[in-house]
Amino acid sequence: MIAGLAPADGGPSYTVPWLCEALGEAGVDVTLLTVTRGDEASGERVDGGFRRAGYPQTYADVPLLQDLRLSSGFDRALASAAPRADVVHDHGLWLAPNVQAGWVAQRLQKPLVLSPRGMLSPSALAFSKRRKQLFWRLAQGPVARRAACIHATSHAEYQEVRALGLPNPVAIVANGIDLPAACPERRASSAGSRTLLSLGRIHPKKGLASLVRAWAMVERGHPDWRLRIVGPAEDGHDVELRVLASSLGVSRLSIEEPVYGAEKQAEFRRADLFVLPTLSENFGVTVAEALAHGVPVISTTGAPWSGLRTEACGWWIEQGVEVLAAALGKAMVTPAAELAAMGARGRAWMERDFSWARVATDMADVYRWLAHGADTPACVLFD
């Protein structure tokens, strides 16, 4: 279950349904419960071989309560579905459905798998810090400590779990990536139209203020490049970035509305470089998406993508404006043919190591271990 699947909810709105579909193809009977808001469609349906059921939010117009995503329909569906389940798997933290999943699993003595989805990183915990500290003491912390297994999508997220003092077994199972059906050979952009793309949530944790400052340092020296920041804005951060860009006098920078589906794929195909200067990520699905489309990537050590170096498909750099500006400058003078070769290596890496079939096999092994006493999967760590 997951508290929300709207695109504005970020990477989990993409990765969780794909995980469910892959598990269904692997023979696991999956029901995904979620809370819907606004214009999102409620009701039950079958998607990609798994059942999906969305229930409208209760108290959507009540201050304070609306932020918790309470849903009486979700509660009833969870109480009905959980007794028939072998495992309860909750994705995310800090919202009412995440706590309710833990309470139901405890009451029915069902093993709970908890996927923090990046929400235990230091930078994520710093946002709304006092509210999260209170919520952790009263509700989320007890649920997390009782989980039969915590699912981390990277070794970095595993370390975040341990840094919080949680002793639970941790299964490290990466996200998968939906590879485009065809990835045509990338051609060099025409003069004056080369694109540096940053696509994803426009949120302070993504390090976009540093990106704007770094761009101001290199823009003048690269007149054939422009920077496009595309995505859903949160808490007015897009306005803050526009004010910052104006104060720095940059001109070839745009901050744009989000795109989804085919339009999103088209944006990746049009890009010459992708950049994610994040403060922290448990996975960073947009990095995988860019690589799957054959686009070289610049990302910071706040994201678990050291393979950008080892697979020679991008730049994995320390955080900081000057370091980022240096990486941008180096990447933008790299010959187009070399960038294309880097992108091809990234695509091959995604095909090899990040297929959803492989991810589903690992996760199904975790479920069998918890529910039926099968052998402990190699991906599970106890220390």
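As the structure is a computational prediction, the values presented were derived from the model and not from experiment.
Legend: side chain to side chain donor-acceptor pair (under 3.5 Å) pairs involving residues 101-114, not counting sequence neighbours, sorted by first then second residue: Gln106-Arg146. For residues 87-97, there are no salt bridge (charged side-chain N to carboxylate O under 4.0 Å, His left out) pairs, not counting sequence neighbours. Annotation: salt bridge (charged side-chain N to carboxylate O under 4.0 Å, His left out) contacts involving residues 352-374, sequence neighbours excluded, comprise Glu311-Arg352, Asp353-Arg358, Asp365-Arg368. For residues 14-30, the set of pairs meeting the salt bridge (charged side-chain N to carboxylate O under 4.0 Å, His left out) definition, not counting sequence neighbours, comprises Asp29-Arg51. Annotation: salt bridge (charged side-chain N to carboxylate O under 4.0 Å, His left out) contacts involving residues 273-283, sequence neighbours excluded, comprise Lys206-Glu281.
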Could you pull out every donor-acceptor pair under 3.5 Å between side chains of residues 321-337 and any protein atom, sequence neighbours left out?
unit_1: Thr334; atom_1: OG1; unit_2: Lys330; atom_2: O; d: 2.9
unit_1: Thr334; atom_1: OG1; unit_2: Ala331; atom_2: O; d: 3.3

With a cut-off of 3.5 Å and sequence neighbours excluded, list every side-chain donor-acceptor pair involving residues 172-180.
unit_1: Asn175; atom_1: OD1; unit_2: Arg117; atom_2: NH1; d: 2.8

Please table the atom pairs, donor to acceptor, closer than 3.5 Å between any side-chain atom in residues 76-89 and protein atoms at least two apart or in another chain.
unit_1: Arg84; atom_1: NH1; unit_2: Ser80; atom_2: O; d: 2.8
unit_1: His89; atom_1: ND1; unit_2: Tyr367; atom_2: OH; d: 2.6
unit_1: His89; atom_1: NE2; unit_2: Ser115; atom_2: OG; d: 2.7

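Judged as a ring-ring contact (aromatic ring centres under 6.0 Å, His included), and not counting sequence neighbours, Trp315 has no contacts. Residues passing the side chain to side chain donor-acceptor pair (under 3.5 Å) test with Arg228, sequence neighbours excluded: Glu256, Glu267. Trp316 pairs by the ring-ring contact (aromatic ring centres under 6.0 Å, His included) definition with nothing, not counting sequence neighbours.
Leu134 belongs to a hydrophobic cluster whose remaining members, ordered by chain and number, are Leu138; membership requires side-chain heavy atoms of ILVMFWY residues under 4.5 Å apart, directly or through intermediates.
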